[in-house]
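Worksheet for the structure shown next.
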Amino acid sequence: MSHLKMPDVNQDSIRARKNIVADLQSICPGEAVISHENEMRAFESDGLTAYRQMPLVVVLPQTTQQVSQVLKYCYDNDIRVVPRGAGTSLSGGALPLEDGVLLGMGKFNQILDIDYDNRCVTVEPGVTNLGITHAVEGQGFYYAPDPSSQIACSIGGNIAENSGGVHSLKYGLTTNNVLGFEVVLITGEVIEIGGKHMDSEGYDLMGILTGSEGLLGVVTKVTVRILRKPETARALLIGFPSSEDAGQCVADVISGGIIAAGMEMMDRPAIHAAEDFVHAGYPLDVEALLIVELDGPEVEVDHLIKEVSKTAKANNAVSVQASTSEEERMNFWAGRKAAFPAVGRISPDYYCMDGTIPRHQLPTVLSRMAKMSAKYGLRVANVFHAGDGNMHPLILYDANVEGELEKTEEFGAEILKLCVEVGGVLTGEHGVGVEKRDLMPAMFSEIDLEHQQRLKCAFDAKGLLNPGKVFPQLYNCAEMGKMHISGGKLPFPDIPRF
Amino acid sequence: MNNQENNQIFKPTSETQVCEMVKWVLANNESIDVFGTHTRRNVGKPMDTTCGLDMSGLKGVQLYEPEELVLSAGAGSSLAEIEKLLKDNNQQFEFEPPNFSHLLGNTSSGTLGGMVACGFAGPRRVKAGSVRDHVLGVRTVSGRGELFKSGGRVVKNVTGYDLPKILTSSWGTLGAMTQITFKVLPKPETENTLILLGLDSTSANRAMTMALGSVVDVSGAALLPDGRTALRLEGIKPSVKSRVETLKKILVEFGDIDVLQKTQSSKLWADVRDVKALSSNGENAIWRICVPPAAGAKYLELIEQQLDVTAVMDWGGGLIWLEIHDQKTACAAQIRSAVAKIGGHATLFRAPEQSRAGSAVFQPQPNALAALTGRVKTVFDPKNILNPGRMYEEVS
Ligand SMILES: Cc1cc2nc3c(=O)[nH]c(=O)nc-3n(C[C@H](O)[C@H](O)[C@H](O)COP(=O)(O)OP(=O)(O)OC[C@H]3O[C@@H](n4cnc5c(N)ncnc54)[C@H](O)[C@@H]3O)c2cc1C
């Protein structure tokens, strides 16, 4: 593992481990506490496998009351807590702490209520993303945000990371699809926000909890909205001689007033890796491949397929294929959906980045990334949520080569700084976690960060929930809350006054 | 209206000036009424502030890239001007911001800052989400007198906490927003509205539920006091045409159906959005109530047993605007006890000052939530100088 600095270990927790284990066992009886090294091994890392750490102990509560008691116990005893869903985070959000209780939400796996009239479903947070769709698809409904990890990842994790998927362009991210939460604060207090109604009044705590990476509270119940499955969906597979042409095509489609259900781009290395892996029939003699999906009533989809094909041809597309069956549509997607494992086949390891950029910056970013690739001597394959500017450059490396992981991380950091430089952000959907934590100052000033950290203080003044994630430095809430007031007279006498 | 008029009003034209102004207020133990054009001055709890901060000087478009679906503008920019600019580019704020001039007796549609601070969405809420879902980034001066930025200009962004969400609908109690970045979207090519006549609220609610749960992608579903149930379909022409036919079939049990074409349809929805069906008589209290959409009629039934009201049901039943007739008070107890039975919340949207001073304007919160709300307020505005008491008496 490279240079990552985690908060100084609280030796009191380490010393008290035996008692902590026993106390947790009395809160969560049965098999719910895991303290054996061998059994804890399964929890030592999440999807960002370059980082590993054994937790102090793992606890798997089953009820909100147990979560509340565990958290209150930890609060009273100053013990750190790391919440965990399915452990697929790509930013190390669920990375354990040596002195922290790992709070696994896996047993919260019940679907509590399906309400077709109000078009919503209430579930426990350990239910998988796809599990929600499976529960309602018989009636023609689905849950829209569709991360590629949807078979495995939990809705609780989706909330913590504000996850998205290829359909987020039209249907939004997790945050746009949640209606209500039950959340437990580190003090053990249980709070309900929102419900089955559409606007939740007061400060938008649901909005702030979504994407908060387990730092503000533990979500124990979720109400999400479900949508009726569109009547038809068809996809276009379009090959371009350059990524500029592909990028321009995306811009033209959107400025033509068409919001596609999904618009995904792949570059040459990604196309080749995917084609070799799944044989989807992708053209191999192109520099960029665009998959555009259109959904809705049949007449609309047929009309839009024609429009987008026209736009593609006007932007020098060399091949345009429209799916004519559901099977063909799935086939177009197969390569894109398997892009990560496909790249995994051509390199011992790969490192997935997640910056977002204003779309028109794509050619600039790609060409500068190519230069960096040459500089570091590391290959890159690109998959790209082209509609919303979210890039996933995959850096290919070999962890067994001395120093290559460090070099890869440096390369990754340089890409993300470039994203910020051109007006974008460090992470579009994977979260900051431990991974991009130290890059936060590239995007935010100290004052910006302090306003975020103080919000954390409102939820968790002792800083016990998931410390060491998201923010580069630990901070003292009392210290940060102080305000130095100066200037008794108005220093700007020229402000117009009435 | 404030109990007392503000002693002095500042009209900054730069972010630095806003910071200096807030710092001055901090040092002199004053308090601030943050406003754009004061169109919503009479919404919320009455305040007792000493200074006014007129944000309308921070105006103008900083960035508009239609092909990137993004617009940034000063928070003091006029909503009407920005909407015109969007319209000229065939785009819109998809959440359909209402203009409450009719209810509140103003002439202006307000500023972007006011629109975001209050966070009200129009009929398209059922499909497109609310204001919060379209605010990508905000620059704000907090109650500490410090300028901070949050969010960005791209749609997909999970870098740090989503502070734009908490600033949206915080009623100016957490910070004075100086610049706001929005996601904007194409205007649909056309729209049609299906009108069902003479349904009682239960049948209307059921018709709306069926329509919203179907494949036709309804973008507006309302029941008006004149007995019309309206269902809007938007999109490209061939699509709208085909969906009109599909929806007619789905709703066949509800009797005759009229279809309004584009112009009439858009006029009808502007009226629903702006709640034109309720009266401009400021003495009558108006409530804005959010409930689970399929329970809209049930809520209304509970209320109509007790009070003489006029109601507009929007969002397929999920939003109920209620005007109360012939009562000396706002009837908060009746309104809120019915909400407690069904789930949701009720906001006293319009009422004479003494009514708003005397009862909770926003839905009262359970203890733990109220305490958290108070802590959130304090971290942004430690001395409680920004719109003090506008939302909740105890905290903000
Ligand atoms: C192959 C692969 C493909 C992926 N594709 C996508 C993609 O397309 N789009 C995308 O957005 N992401 C993607 N991801 C990332 C990841 O799947 C998501 O971030 C997912 O939401 C994490 O869910 P999880 O249940 O695994 O959470 P975990 O990894 O267990 O935890 C993630 C974070 O959530 C917190 N957390 C978990 N549960 C709770 C809870 N109940 N309350 C409070 N905090 C909680 C944790 O503390 C941690 O900070 C992918 C990952 C992999 C491995």
Side-chain angles (χ1 to χ4, degrees), chain A residues 116-119 161-162 164 176 189 191 195-199 201-204 207-208 211-212 228 231 251 254-255 257 296-297 299-300 303 356 358-360 388-390 423-429 431-432 443 447-448 451-452 454-455 457-458 483 485 487-488 490-492 495-498, chain B residues 8-12 17 20-21 23-24 26-27 66-68 90 125 129-130 132-133 142 144 146 148-149 152-162 165-166 168-170 186 209 213 215 236 238-239 242-243 290-294 315 318 343-345 362-363 368-369 373 375-376 379 382:
Chain A
Y116 292 111
D117 279 353
N118 286 307
R119 299 169 296 285
E161 304 287 7
N162 190 16
N176 312 113
E189 289 166 294
I191 285 180
K196 290 183 175 181
H197 50 286
M198 270 176 272
D199 275 7
E201 201 197 53
Y203 295 146
D204 187 359
I208 220 74
S212 68
R228 194 56 200 264
E231 209 174 282
I254 291 177
S255 55
V299 280
E300 175 174 334
H303 175 88
T356 306
R359 255 185 295 102
H360 67 268
D388 43 33
N390 187 199
V425 301
L426 297 171
T427 169
E429 58 183 12
V432 177
M443 194 169 139
I447 290 180
D448 298 339
H451 276 85
Q452 298 193 26
R454 277 194 216 97
L455 185 65
C457 295
M483 193 160 50
I485 296 170
L490 202 56
F492 269 86
I495 301 180
R497 272 185 256 185
F498 305 94
Chain B
Q8 38 185 351
I9 292 175
F10 298 88
K11 189 172 177 180
Q17 288 183 348
E20 294 303 336
M21 149 92 199
K23 285 199 175 125
W24 177 83
L26 278 171
E67 67 293 345
E68 298 259 345
N90 246 324
R125 172 76 178 89
S130 189
R132 74 190 284 276
D133 298 298
S142 70
R144 307 173 64 91
E146 294 170 335
F148 68 97
K149 69 170 179 302
R153 55 156 292 183
V154 291
V155 179
K156 264 190 163 170
N157 177 11
V158 290
T159 321
Y161 299 135
D162 196 352
K165 292 266 181 325
I166 206 137
T168 304
S169 35
S170 68
T209 301
V215 292
I236 55 169
S239 168
S242 118
R243 284 183 288 146
C290 291
V291 291
W315 300 357
H345 59 81
F362 295 93
Q363 182 79 24
L369 182 57
T373 298
R375 294 197 296 275
V376 169
V379 296

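Quantities reported herein were computed from a predicted structural model and do not represent experimental measurements. Each chain gets a letter, A, B and so on, in the order its sequence line appears, and its residues count up from 1.
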Take B:Glu67 and A:His360, measure what side-chain hydrogen bond (donor to acceptor under 3.5 Å, both in side chains) needs, and give me the verdict at the end. CA-CA 9 Å; B:Glu67 67 293 345; A:His360 67 268; 5.4 Å; no
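- Here the side chains of B:Pro66 and A:Ser255 are not in contact, with every heavy-atom distance at 4.5 Å or above.
- A:Glu300 is linked by a salt bridge (charged side-chain N to carboxylate O under 4.0 Å, His left out) to nothing, counting only residues two or more places apart in sequence or in another chain.
- Ion pair B:Arg125/A:Asp199 flagged as a salt bridge, since at least one NZ, NE, NH1 or NH2 atom sits closer than 4.0 Å to an Asp/Glu carboxylate oxygen.
- In this structure B:His345 satisfies the ring pair (Phe, Tyr, Trp, His ring centres under 6.0 Å) test together with A:His197, sequence neighbours excluded.
- Contact annotation for A:Pro358: both backbone and side-chain heavy atoms come within less than 4.5 Å of a heavy atom of chain B.
- Within the 3.5 Å criterion, the main-chain N or O of A:Thr427 finds a donor-acceptor partner in the side chain of B:Thr159.
- In this structure, the side chain of A:Gln452 does not engage the main chain of B:Gly160 through any donor-acceptor pair within 3.5 Å.
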Could you walk me through whether B:Lys165 and A:Asp204 pass the salt bridge (charged side-chain N to carboxylate O under 4.0 Å, His left out) check? CA-CA 6 Å; B:Lys165 292 266 181 325; A:Asp204 187 359; over 6 Å; no
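- When each of B:Leu369, B:Thr373, B:Thr168 is checked for a side chain to side chain contact (heavy atoms under 4.5 Å, CB included) with A:Tyr203, only B:Thr373 meets the rule.
- With a threshold of 4.5 angstrom between heavy atoms, A:Ile191 approaches chain B through side-chain atoms but not through N, CA, C or O.
- Residue B:Ile236 touches chain A through its side chain alone, counting heavy-atom pairs closer than 4.5 Å.
- Although no hydrogens or angles enter the test, the distance criterion places no donor-acceptor pair under 3.5 Å between the side chain of B:Gln363 and the main chain of A:Glu201.
- Using a 4.5 Å heavy-atom threshold, the side chains of B:Asn157 and A:Thr356 count as separate.
- With a threshold of 4.5 angstrom between heavy atoms, B:Arg144 approaches chain A through its backbone and through its side chain.
- B:Ser142 places none of its side-chain heavy atoms less than 4.5 Å from the side chain of A:Arg454.
- For A:Arg359, the parts sitting under 4.5 Å from any heavy atom of chain B are the backbone and the side chain alike.
- Electrostatic pairing of B:Lys149 and A:Asp448 counts as a salt bridge here, judged by a charged N lying under 4.0 Å from a carboxylate O.
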